[in-house]
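Naming convention: chains lettered A, B, ... in sequence-line order (proteins, then strands); numbering from 1 in each chain.
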Protein chains: 2
Amino acid sequence: MISSIAELIADRIGTMPAGERRAAQTLIASYPMIGLKTVAEFSAAAGVSSPTILRFVARLGFQNYPEFQSSLQDELAAQLQSPAIRTLNPPSPNGGTVSPMLEATLENMRETFRHLSDRQLADIAARLAERRGKTFLIGGRFTDPLARYMAAHLAVIQPDVFHLAGQESMWRDRLIDMGKRDVLVIFDIRRYQDSLVRFAEKAHQRGVHIVLFTDQWLSPIARFARHVIAGRTAVPSAWDSSAALFVVAETLIGAVTRQLEADGARRIREMEGLR
Amino acid sequence: MISSIAELIADRIGTMPAGERRAAQTLIASYPMIGLKTVAEFSAAAGVSSPTILRFVARLGFQNYPEFQSSLQDELAAQLQSPAIRTLNPPSPNGGTVSPMLEATLENMRETFRHLSDRQLADIAARLAERRGKTFLIGGRFTDPLARYMAAHLAVIQPDVFHLAGQESMWRDRLIDMGKRDVLVIFDIRRYQDSLVRFAEKAHQRGVHIVLFTDQWLSPIARFARHVIAGRTAVPSAWDSSAALFVVAETLIGAVTRQLEADGARRIREMEGLR
DNA sequence: GGAGCGCTGTACCGTATGTTACGTATTTTG
DNA sequence: CAAAATACGTAACATACGGTACAGCGCTCC
C-alpha cells in the first residue's frame with residue numbers, strides 16, 4: 001500500500017526518463033518543501049525546464065500541479081496533526097488500553113497551548129476581570145458542563161456571573177439583559193449546534209463581547225467571537241475530548257482570580273474573611 | 001524574541017481589527033496549512049474578503065502574500081529538519097504565566113494515571129457496561145459539572161443513566177430507587193461536602209456499588225466506595241484542578257463505549273441508524 | 001550508419017491569482 | 001449626537017503562474 005507521495009515516487013522513479021528523475025531526486029532531497037513552491041522554482045532547483053516538472057507530476061498520476069501541491073499539503077497536515085507521539089512521551093509504562101488515550105490527551109493539551117499565547121489568555125482574563133458588565137456562560141450538549149464548571153468558579157470571585165441553562169427559549173430571553181459591556185463565554189465543538197450559533201449571532205448584534213471555546217475546526221460562531229480558543233479534541237475514542245478546553249478553562253479561571261486579587265478586589269478580601 | 005509567525009500573530013492579534021483577527025484565528029487554528037493555500041481559499045475559510053487577508057499579512061510586516069508564504073514554508077522546513085525542536089517544548093517558549101499551570105496539570109495527569117492500573121479502569125468500565133441496574137452520578141460544588149459531563153455521554157449509549165441535581169432533599173429521595181444492582185458515581189474533592197458523605201453512606205447501606213472520583217487525600221466517602229480514583233489536583237493557582245479527574249472520566253467513557261460496542265449492544269446499533 | 005522514436009526545452013497562451021482603488025458601512029472621538 | 005477616522009468588501013486590474021504546441025536533439029534499434 002502506498003500512502004505517501006514519497007513512496008509513490010520511490011516506486012516509479014525507475015521508470016522515469018532522466019529529466020523527470022532529476023525532478024524526483026530533487027523533490028526527495030528536500031521533501032516536500034520544493035513541491036510547495038512554484039513550478040518555475042522547482043524546475044530551477046532541479047535544473048530542468050518547467051514542462052518536465054509538469055510531466056513528472058502527471059506521471060505520478062496527478063491531473064495538474066495544484067492538485068499535486070494539495071496532496072503534499074494534506075500529507076504535511078496529517079504529519080503535523082500527529083507529531084510523532086512516539087517520539088515524545090516516555091515509552092508508556094502501562095502497555096495497556098488507557099495509555100493511547102492519555103498520550104493523545106496530553107499531546108492535545110500541548111498542541112492547544114502551543115497555539116495559545118499568554119497574551120491572548122491575559123487579554124481574555126483582563127476582560128473577564130474588569131467588572132463593567134455581566135458574564136454569561138453557555139455550552140453545547142456535551143460542553144455545557146464546562147460552562148457550568150467555569151461559572152461555578154467565577155461566580156465565587158465576582159458578582160453577575162450567570163450560567164445559561166435549560167431550554168433554548170429560556171436563554172434567548174436573557175438576551176434582553178445583554179449589551180456592549182457584557183461578556184458571553186460559549187463552548188461549542190462539533191457537531192456545532194444551530195441553536196448556539198443563532199444565539200451567538202443575536203448576542204453579537206447586541207454588541208456582546210463573545211469568547212468562544214471550540215475545536216480546531218472552529219465553530220461557525222468564530223465569526224462573531226472577539227476571542228477564539230481552538231482546542232484539540234481528537235483522541236482514540238468514539239467521542240471527542242474536551243479535556244484540552246477544560247484545562248484552558250481552568251487556566252483562565254486561575255488568571256482571572258489572580259487578576260482580581262492583584263486589583264485588590266474588595267470582594268476577594270471579604271470572602272477570605274468569611275471562611 | 002519572536003521567532004515564529006505564530007508568535008508574531010499572538011503578539012499583535014490584540015491590535016487587529018475584527019476582520020483581520022478572524023484571519024489570524026483561522027490561521028492559528030490550523031496552523032500553518034491555510035496560509036499555504038491561495039488568498040481566495042484563506043479568505044473563504046476565515047469568512048472575510050481577500051483584501052482583508054492581504055491587509056492581515058501586510059500588518060504582520062510582509063511586503064506581499066508570496067513573501068508571507070515563503071516565510072511559513074521556511075518555518076515548516078526548519079521544523080521538519082529537526083523534529084526534536086517540536087518535541088522539546090518544555091524549555092517553555094512562553095516564559096509567561098500559563099506554562100507553570102499547564103506543566104503542573106500535565107504532571108498531575110501522568111501521576112494520576114501512574115497510580116491507576118488498566119485493570120482498575122477495566123473493572124469499573126465493565127461494571128458500568130453490564131446493564132443490570134441503573135447508573136447515578138453526582139458531584140460536589142465544583143465537581144458536579146464532571147458528573148454532568150459523564151452522565152451526558154453515558155446516557156447516550158445506555159438507558160437508565162441519571163444525573164442527580166438540585167437540592168439535597170431531591171436526590172436523597174432517589175435513594176429509594178437504588179439497590180445492589182445499581183452504580184453510583186460520586187465526584188468529591190476538597191473541601192469534602194458533608195451532604196455528599198451522608199448521601200454516600202446511605203447509598204452504601206443499601207448495597208449500592210459506589211465509584212468515587214476524589215483527590216489524592218481521599219474524601220471520607222472512600223470508606224464506602226467500591227472503587228476509588230484518586231486524582232492529583234495541585235496546581236499553581238488559588239483553586240484545585242479537576243483536570244486529571246476529567247481525563248479519567250473521559251477515559252472511562254471511552255472504555256465503556258468500546259465495551260458496549262464489543263458486546264454488540266442493540267442500542268448502539270440502533271443509535272447509529274438514527275443518525 | 002541511417003531511420004525512427006522518445007525525451008527535452010523554447011516560446012507562447014489563457015487564466016487564476018495577488019493586488020489596488022474606491023465606495024460604503026462601522027466604529028470612535030470630540 | 002455629529003463628524004471624522006477607520007475598517008471592510010466589491011469590482012476592476014496586472015502579473016505571474018501553470019499549461020501546451022512544437023521543434024530540436026539524442027538515443028536506440030534495425
* Asked: Parallel, tilted or perpendicular for B:Phe246 and A:Phe246, by the 30°/60° rule?
  -> parallel
* Any side-chain donor paired with an acceptor under 3.5 Å for A:Gln216 and B:Tyr31? -> no
* Name the orientation class of the two ring planes belonging to B:Trp239 and B:Phe142 (parallel below 30°, tilted from 30 to 60°, perpendicular beyond 60°). => perpendicular
* **Span of DNA chain D in contact with chain A (heavy atoms, under 4.0 Å)** => D:dC17 to D:dT20
* Would A:Asp144 and B:Arg148 count as a salt bridge (Lys or Arg N to Asp or Glu O under 4.0 Å) if you check the C-alpha gap in whole Å, the side-chain angles of each, and the deciding distance to 0.1 Å? -> CA-CA 9 Å; A:Asp144 192 58; B:Arg148 282 181 187 271; 5.9 Å; no
* Structure fact -> Paired with A:Phe68, the side-chain contact (heavy atoms from CB on, under 4.5 Å) test is passed by just one of A:Leu36, A:Ile5, A:Leu54, A:Val39, namely A:Ile5
* To do: Quickly work out the B:Gln69 CD to C:dG18 C1' distance and round it to whole Å.
  => 10 Å
* To do: Give a yes or no on whether the backbone of A:Phe224 and the side-chain of A:Glu201 come within a donor-acceptor separation of less than 3.5 Å.
  => no
* A:Arg174 charged N/C atom sitting above A:Phe162 aromatic ring, 6.0 Å / 45° -> yes
* Taking five pairs at each end of the helix from C:dG1-D:dC30 to C:dG30-D:dC1, what angle separates the two helix axes (nearest 10°)? -> 30°
* Asked: Rounded to the nearest 0.5 Å, what separation is found between the CD atom of A:Gln79 and the CG atom of B:Leu76?
  -> 9.5 Å
* Asked: Could you state the CG-P distance from B:Asn64 to C:dG18, rounded to the nearest angstrom?
  -> 10 Å
Considering only nitrogen or oxygen atoms on both sides, find all protein atoms under 3.5 Å from nucleotides 5-10 of chain C and state each distance.
from, atom 1, to, atom 2, distance (Å)
C:dT8, OP1, A:Ala18, N, 3.1
C:dT8, OP1, A:Gly19, N, 2.3
C:dG9, OP2, A:Ser49, N, 3.2
C:dG9, OP2, A:Ser49, OG, 3.1
C:dG9, OP2, A:Thr52, OG1, 2.8
C:dG9, N7, A:Arg55, NH2, 3.3

* Quick one: pull up OG1 in A:Thr257 and NE2 in A:His153 and give me the separation to the nearest 0.5 Å. => 8.0 Å
* Interatomic spacing from CZ in B:Phe42 to CD1 in B:Ile53 - rounded to 0.5 Å -> 4.5 Å
* **Verdict with reasoning, A:Glu261 to A:Arg258, per salt bridge (Lys or Arg N to Asp or Glu O under 4.0 Å)** => CA-CA 5 Å; A:Glu261 277 170 352; A:Arg258 217 174 307 120; over 6 Å; no
* Asked: Does A:Asp177 come within less than 4.0 Å of A:Lys134, counting only side-chain N to carboxylate O?
  -> no
* Is the backbone of B:Gly139 close enough, under 3.5 Å, to the side chain of B:Thr143 for a donor and an acceptor to pair up by distance? -> no
Indicate every side-chain donor-acceptor pair of residues 10-20 of chain A with a distance under 3.5 Å to a residue at least two apart or in another chain.
from, atom 1, to, atom 2, distance (Å)
A:Arg12, NH1, A:Arg59, O, 2.9
A:Thr15, OG1, A:Arg12, O, 2.9
A:Glu20, OE1, A:Arg59, NE, 2.5
A:Glu20, OE1, A:Arg59, NH2, 3.3
A:Glu20, OE2, A:Arg59, NH2, 3.1

Contacts under 3.5 Å, N or O only, protein and nucleotides 26-30 of chain C:
none

* Check the pair A:Arg232, A:His115 against side chain to side chain donor-acceptor pair (under 3.5 Å), reporting the backbone distance first and the verdict last. => CA-CA 10 Å; A:Arg232 304 286 156 152; A:His115 296 313; 3.1 Å; yes
* **Residues in contact with DNA chain D, drawn from residues 219-227 of chain A - heavy-atom cutoff 4.0 Å** => none
